[in-house]
Amino acid sequence: MRLQDQQLARQLMRLRSDINKLKIEQTCHLHQRMLNDATYELEERDELSDLFCDFPLMTSFSLSTPLKLIGVTKMNINSRRFSLC
């Protein structure tokens, strides 16, 4: 009986570890996608401003809503490095 309890405890610990690993991977992929979207938007904006020199720049930085919610701004993206998994 005690041996079965120990085996079950090990199995549950492995499952917990696997679940945590999957959560971390999912979060890293989500953050990478958001950063890629923000980078793409910045590059697109720069290309447009190069094409249309007299085109007025937008006064508000247009980031996707999830990036705004976590506090990413133009300054954050340009001046800081992000660590990704």
Side-chain angles (χ1 to χ4, degrees):
M1 185 73 121
R2 183 175 287 162
L3 181 62
Q4 288 176 337
D5 287 345
Q6 291 174 350
Q7 289 173 342
L8 183 58
R10 277 191 221 105
Q11 183 180 7
L12 291 174
M13 288 175 65
R14 276 193 306 270
L15 286 173
R16 182 174 184 250
S17 172
D18 291 345
I19 289 171
N20 285 335
K21 183 179 176 183
L22 289 172
K23 283 181 182 179
I24 290 169
E25 288 175 5
Q26 182 182 22
T27 301
C28 287
H29 289 294
L30 176 64
H31 287 180
Q32 180 63 50
R33 253 193 330 238
M34 288 190 312
L35 288 173
N36 287 343
D37 289 345
T39 303
Y40 176 75
E41 287 178 16
L42 282 174
E43 290 172 355
E44 188 177 63
R45 184 173 157 206
D46 288 344
E47 287 174 8
L48 285 175
S49 68
D50 289 343
L51 289 174
F52 305 107
C53 295
D54 57 348
F55 185 77
L57 293 176
M58 297 184 314
T59 56
S60 66
F61 184 66
S62 62
L63 282 175
S64 62
T65 304
L67 289 176
K68 286 181 184 177
L69 290 176
I70 61 172
V72 175
T73 64
K74 181 179 178 183
M75 190 171 106
N76 294 109
I77 292 173
N78 290 333
S79 65
R80 293 190 181 148
R81 296 182 184 190
F82 294 91
S83 63
L84 299 173
C85 299

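What's counted below: heavy atoms across the whole structure, side chains too, no hydrogens, waters or symmetry copies. This is a predicted model, so every value here is computed, not measured.
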Visitor: List in chain and number order the residues that pass side-chain hydrogen bond (donor to acceptor under 3.5 Å, both in side chains) with N20, two or more places apart in sequence or in another chain; answer none if no residue qualifies.
Guide: none
Visitor: With sequence neighbours left out, what residues match L3 under side-chain contact (heavy atoms from CB on, under 4.5 Å)?
Guide: Q6, Q7
Visitor: Could you state the interatomic distance from CD (Q32) to CG (L30), rounded to the nearest 0.5 Å?
Guide: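 One gets 10.5 Å once the value is rounded to the nearest 0.5 Å.
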Visitor: Excluding sequence neighbours, so at least two apart, what forms side-chain hydrogen bond (donor to acceptor under 3.5 Å, both in side chains) with E43?
Guide: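 Residues passing side-chain hydrogen bond (donor to acceptor under 3.5 Å, both in side chains) with E43: none at all.
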Visitor: Output the distance between atom CE (M34) and atom OG1 (T39), rounded to the nearest 0.5 Å.
Guide: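 These two atoms lie 11.5 Å from each other.
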Visitor: Report the residues that fulfil side-chain contact (heavy atoms from CB on, under 4.5 Å) with R14, sequence neighbours left out, ordered by chain and then residue number.
Guide: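 In terms of side-chain contact (heavy atoms from CB on, under 4.5 Å), with neighbours along the sequence ignored, R14 is linked to R10, Q11.
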